[in-house]
Amino acid sequence: MRAPRVRVRELRSPAEFAEASQAAKAAWGFPDLMVPPPPDMITATHSGGMTAGAFEGEALLGFVHAVPRTNLGQPAIHSHLLAVRPDAQRRGLSVLLKLYQREWCLGRRIGLVTWTYDPFMLRNARLNLVRLGAVVPVFLPDFYGKVGGIYGELPSDRFEAHWKLESPAVERAARGETSELTPEEAAALPVVKSGRRPASPRVLLPFPAKFPEVFRDDPAAGIAARRRFGRAAAALFAEGFEAVSVVERAAGPAYVLERCGA
Ligand SMILES: CC(C)(COP(=O)(O)OP(=O)(O)OC[C@H]1O[C@@H](n2cnc3c(N)ncnc32)[C@H](O)[C@@H]1OP(=O)(O)O)[C@@H](O)C(=O)NCCC(=O)NCCS
């Protein structure tokens, strides 16, 4: 449900960046060490990045922050942070912030936004792949090293989302049209087997439900699940697959991967 009184705009003052930093802390539940320092966000924004907030009156409910990205051979930004305060979540604000970011980029002839997220976070996977129409072609093992917070001792493995702003999938998503596999369609897809080259151009790659709580009492099982998943994902990406969607099945959630050009 959209919040009618919410307005998205770029941040204007150091005080607003400090508020954004606090919103990130509240959203992520991270230790202070991991909270983005306002001067870093101000510098990155000043240097061609962007930071926009969702405001209700003067209150900042959430924000998106990106740095310029120069190593992909095309105009791009890397969106480092997206956070919505816990008391303002599930109101569609993250989508509003990302769509603002898309318009900001298109107005500057930037056609690609990348960002990373934890592949075991179903909520983020749904937002990125289903609601926004991004695809994932890259796996980054233990990208940030140990981050603590909700991740405890788990390696900070990440998927890298590529948001191709003028692709048909993203154009549809920007209009609010999402396409998801039905449970029947998902059940018909082969589940990828570790160490085997997939014969099908479309496969399912399962991941654990209820992450990270499910591993709270058994970190070793969490690390093992991370390793298994990471090996399988890296092998599929090396074969030219991309994650294009995510499905929730009775057996647990799974990514839908397609061989590029399939
Ligand atoms: C992830 C986050 C930014 C989502 O913000 P939000 O404003 O609550 O999200 P929205 O209300 O815009 O929801 C957008 C979509 O995200 C997904 N989503 C968001 N919250 C969800 C939840 N609790 N459970 C399942 N899906 C969820 C859904 O696909 C939802 O679309 P839908 O409402 O049509 O089903 C917010 O929860 C947050 O700040 N989390 C901590 C930081 C973080 O994970 N950042 C994102 C890194 S990619």
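Both counts, for ligands and for their atoms, begin at 1 and track the order of listing.
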Which of the numbered atoms in ligand 1 are under 4.0 angstrom from any heavy atom belonging to Val95?
12 (O), 14 (C)
Taking N or O atoms only and a 3.5 Å limit, does Ala88 qualify as a polar contact for ligand 1?
no
Could you tell me whether Thr116 and ligand 1 have an N or O pair separated by under 3.5 Å?
no
Evaluating non-hydrogen atoms only, which member of Arg123, Arg131, Arg90 is closest to atom 32 (P) of ligand 1?
Arg90
Using the ring of each side chain (for Trp, its six-membered ring), is Tyr117 parallel, tilted or perpendicular to Phe159, with breaks at 30° and 60°?
perpendicular
Which atoms from ligand 1 have a heavy atom of Asn124 less than 4.0 Å away?
1 (C), 44 (O), 46 (C), 47 (C), 48 (S)
For ligand 1 and Ala83, I'd like to know whether there is a polar contact (N/O to N/O, distance under 3.5 Å).
no
Which ligand 1 atoms does Tyr117 reach within 4.0 Å, using its non-hydrogen atoms?
48 (S)
Pairs of nitrogen or oxygen atoms closer than 3.5 Å, one from Asn128 and one from ligand 1: do any exist?
no
Please state which part of Val84 comes within less than 4.0 Å of ligand 1, counting heavy atoms only: side chain, backbone, both or neither.
both
For Leu93, the atoms of ligand 1 under 4.0 Å from one of its heavy atoms are 7 (O), 12 (O)
Any chance the side chains of Arg69 and Thr114 put a donor and an acceptor closer than 3.5 Å?
yes
Of Ala134, Ala26, Ser94, the one whose closest heavy atom lies nearest atom 2 (C) of ligand 1 is Ser94
Please collect all ring-ring contact (aromatic ring centres under 6.0 Å, His included) contacts where either partner lies in residues 53-86, sequence neighbours excluded, each pair once.
none
Which of the listed options, Thr178, Leu127, Leu82, holds the heavy atom that is closest to atom 16 (O) of ligand 1?
Leu127
Are Ser79 and Gln101 linked by a side-chain donor-acceptor pair shorter than 3.5 Å?
yes
So, regarding Arg91 and ligand 1 (criterion: nitrogen or oxygen to nitrogen or oxygen, under 3.5 Å), is there a contact or not?
yes
Which atoms from ligand 1 have a heavy atom of Gly92 less than 4.0 Å away?
10 (P), 11 (O), 12 (O)
Could you measure the distance from the CG atom of Leu205 to the CG atom of Leu189? Nearest 0.5 Å is fine.
12.5 Å
Is a salt bridge present between Glu56 and Arg91, judged by a nitrogen-to-oxygen distance below 4.0 Å?
yes
Interfacing atoms of ligand 1 (cut-off 4.0 Å, heavy-atom, Arg126)
29 (O)
Is there a donor-acceptor contact under 3.5 Å linking the side chains of Lys25 and Gln22?
no
Find out whether the Lys NZ or Arg CZ of Arg226 is both under 6.0 angstrom from the six-membered ring centre of Phe120 and within 45° of the ring's axis.
yes
